[in-house]
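One structure is given here, and the rest of the page talks about it.
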Number of protein chains: 2
Amino acid sequence: MITDLFLRGRGRERMSVTDIQALEDSVEDVRTLGPRQLLVERGREVQNSTLLLEGLMCRYMDDREGHRQIVAFHVPGDFVDLHGFTMKRLDHDIGTLTPVRYGVVPHARLTTVTESWPRLTRLLWFSTLLDAAMHREWIFRLGRLGAEGRVAHMFCELHARMAMIERVTDGSFTLPVTQVDIAEACGLTSVHVNRVLRSLRERNALTFKGGVARILDLKVLETLSEFDPLYLYGSDVELGAG
Amino acid sequence: MITDLFLRGRGRERMSVTDIQALEDSVEDVRTLGPRQLLVERGREVQNSTLLLEGLMCRYMDDREGHRQIVAFHVPGDFVDLHGFTMKRLDHDIGTLTPVRYGVVPHARLTTVTESWPRLTRLLWFSTLLDAAMHREWIFRLGRLGAEGRVAHMFCELHARMAMIERVTDGSFTLPVTQVDIAEACGLTSVHVNRVLRSLRERNALTFKGGVARILDLKVLETLSEFDPLYLYGSDVELGAG
DNA sequence: CGTAACGTTGAAACCTGTCAAGTACGGTGG
DNA sequence: CCACCGTACTTGACAGGTTTCAACGTTACG
């Protein structure tokens with residue numbers, strides 16, 4: 001099914017058969033888009049939301065000089081701009097990092113969901129709050145950690161999220177981003193990200209080359225970044241809104 | 001009414017009389033709490049959500065050494081931990097800055113709301129997404145701005161939010177926080193916050209003394225911090241989810 | 001009027017940014 | 001197959017912003 005990865009590893013099992021069907025029916029169309037493309041522009045009115053099926057996307061804001069701050073990464077199964085449903089206009093841009101395949105979910109159908117499927121509604125709501133929880137952790141990361149901690153934290157999070165959707169093999173996962181992207185996410189310069197990656201490599205904690213991340217020592221990364229996956233609300237943690 | 005400030009200045013007018021009544025009825029009790037108290041502890045299971053009626057609260061996370069990162073401020077009218085409704089456990093602590101008065105909203109009543117009042121449900125959802133939008137702006141602030149920009153940004157945001165609930169007189173508003181609090185919100189040391197505040201004062205942009213902020217030149221603050229209030233989704237901006 | 005919390009200031013250390021140059025790699029066209 | 005090109009990555013030296021450490025001033029309050 002199209003929506004198979006939605007909330008995978010995050011309490012998807014709370015969805016009933018009818019919930020799953022209602023969600024599946026809310027997808028009007030499946031489309032593709034190339035890498036490094038703008039999908040939704042800040043301030044533009046949106047009528048649909050986007051369920052990412054394959055590829056990597058990100059949300060970002062540019063400063064006055066055009067320097068980008070990435071505020072979120074999105075992996076398959078993520079409802080990238082579900083918040084557009086209740087907000088109508090977004091306060092940031094959404095773009096692709098890699099080629100993507102995504103489902104188009106018209107807001108009209110979501111309105112119907114909220115009127116007929118209260119539990120599914122709460123789960124959709126929950127999924128937008130996961131984003132907020134990740135935002136908070138990024139605030140912590142930027143506010144309290146040094147460069148190494150920030151980068152390590154980013155890899156810890158992506159490793160955990162990739163694991164939930166079964167994209168991690170042997171501690172390795174595909175992450176087709178550049179060092180510039182990492183810098184833009186971590187509030188650093190690409191030059192410094194380069195130095196940090198070298199340092200992490202020399203600690204035998206992580207390698208990142210050719211768009212492939214290999215976790216060598218998760219414990220070291222977690223210690224460096226004070227990472228605690230609680231905020232990802234994985235299924236191993238007891239959840240609410242059932 | 002108890003819930004008068006909820007979504008004030010943020011599209012409250014979209015609430016119908018019955019929505020307002022349903023929300024009002026969801027408040028089980030009104031309580032008070034002293035300053036600098038913990039209201040909800042990270043990881044603890046929650047059964048109620050908190051509608052702040054009077055006073056200031058904040059959400060924060062501590063690092064390994066006990067250094068606090070404030071991830072959100074809350075002013076009257078804010079549903080401080082509505083996300084607890086669908087998340088059940090919170091990933092951060094919630095505490096008071098000043099003495100507060102707040103409404104207790106049992107999750108059971110919220111479940112009923114989601115089953116009977118789809119539009120109110122969407123508005124509650126929307127209110128949690130406002131927090132997420134503010135989180136994103138804080139990420140931007142920490143990732144892309146220097147110390148002056150961060151502090152200026154914080155004051156711009158609080159000024160705008162206080163204005164929405166009519167707590168600004170003549171460019172001044174009460175903000176009973178210390179320089180340490182500001183530092184913990186902006187990812188700086190209190191020593192440096194002190195220097196920044198002096199600098200902003202010398203620019204004739206802002207004074208902050210004795211828990212009172214006075215905006216002298218909003219334009220300067222907005223320029224310094226690249227502040228754009230779009231993300232606050234004020235009523236002057238067209239909104240969705242009607 | 002003493003005390004504790006908060007605020008203020010200076011000097012030095014440290015981390016990250018900036019600038020500049022050079023390397024590695026993959027794709028394209030001859 | 002190789003020369004060429006652009007993009008991404010790498011490294012070094014130096015500049016600059018923020019932290020750290022330490023001391024002192026100020027204010028509120030019992």
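Proteins come first, then strands; the chains are lettered A, B, ... in the order of their sequence lines, and each starts at number 1.
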Exercise. Is the NZ or CZ atom of A:Arg167 positioned over A:Phe173's six-membered ring, under 6.0 angstrom from the centre and within 45° of the axis?
Worked result: no
For this session: Any ring-ring contact (aromatic ring centres under 6.0 Å, His included) involving residues 184-210 of chain B? Give me the pairs, sequence neighbours left out, ordered by first then second residue.
Result: B:Phe155-B:Phe208
Tabulated below should be each protein N or O lying under 3.5 Å from an N or O of nucleotides 16-18 of chain D; please produce it.
{"unit_1": "D:dT18", "atom_1": "OP1", "unit_2": "B:Ala147", "atom_2": "N", "d": "2.8"}
{"unit_1": "D:dT18", "atom_1": "OP2", "unit_2": "B:His192", "atom_2": "NE2", "d": "3.2"}

Problem set entry | All side-chain hydrogen bond (donor to acceptor under 3.5 Å, both in side chains) counterparts of A:Glu148, not counting sequence neighbours | A:Ser199, A:Arg203
Problem set entry | Test item: B:Val27 and B:Thr3 side chains (from C-beta on) under 4.5 Å apart, heavy atoms | yes
For this session: Please report, rounded to the nearest Å, how far the P atom of C:dC6 is from the CG atom of B:Asp181.
Result: 8 Å
Exercise. Cationic tip of A:Arg10 within the cone over A:Tyr233's six-membered ring, i.e. under 6.0 Å and within 45° of the normal?
Worked result: no
Exercise. Can you tell me how far P of D:dA8 sits from CD of A:Gln179, to the nearest Å?
Worked result: 11 Å
Exercise. Are B:Arg12 and B:Asp4 close enough for a salt bridge, meaning some N to O gap below 4.0 Å?
Worked result: yes
Problem set entry | Whole-Å distance separating the CG atom of B:Asn194 from the P atom of D:dC21 | 18 Å
Exercise. So, B:Arg150 side chain and B:Leu142 main chain: donor-acceptor pair closer than 3.5 Å or not?
Worked result: yes
Problem set entry | Whole angstrom value for the distance that separates P of C:dT16 from CZ of B:Arg144 | 14 Å
Exercise. Are the side chain of B:Thr98 and the backbone of B:Leu56 linked by a donor-acceptor contact shorter than 3.5 Å?
Worked result: yes
Problem set entry | Pair A:Arg68 + A:Asp181, salt bridge at N-O below 4.0 Å | no
With the criterion being N/O to N/O and under 3.5 Å, what pairs connect the protein with nucleotides 19-27 of chain C, and how long is each?
none

Exercise. Quick one: on DNA chain C, does B:Leu197 or A:Val193 contact a more 5' nucleotide (nearest heavy atom)?
Worked result: B:Leu197
Problem set entry | Interatomic distance, A:Ile182 CD1 vs D:dT10 P [rounded to whole Å] | 10 Å
Exercise. Are side-chain N/O atoms of A:Glu54 and A:Tyr102 paired as donor and acceptor at under 3.5 Å?
Worked result: no
For this session: Whole angstrom is fine here: how far is it from CZ in B:Arg198 over to C1' in D:dG25?
Result: 14 Å
For this session: Tell me, with the steps shown, if B:His92 and A:Phe140 meet side-chain contact (heavy atoms from CB on, under 4.5 Å).
Result: CA-CA 11 Å; B:His92 57 271; A:Phe140 172 79; over 6 Å; no
Exercise. Which is it for A:Glu137 and A:His153 under the side chain to side chain donor-acceptor pair (under 3.5 Å) test, yes or no, and what are the steps along the way?
Worked result: CA-CA 9 Å; A:Glu137 199 72 15; A:His153 197 289; 3.2 Å; yes
For this session: May I ask you to list the residues of residues 56-68 of chain B, by number, that have any heavy atom positioned under 4.0 Å from an atom of DNA chain D?
Result: none
For this session: Run the salt-bridge test on A:Glu166 and A:Arg8 with the 4.0 Å N-O cut-off and return the result as yes or no.
Result: yes
Provide a list of protein-nucleic acid N or O atom pairs under 3.5 angstrom, restricted to nucleotides 28-30 of chain D.
none

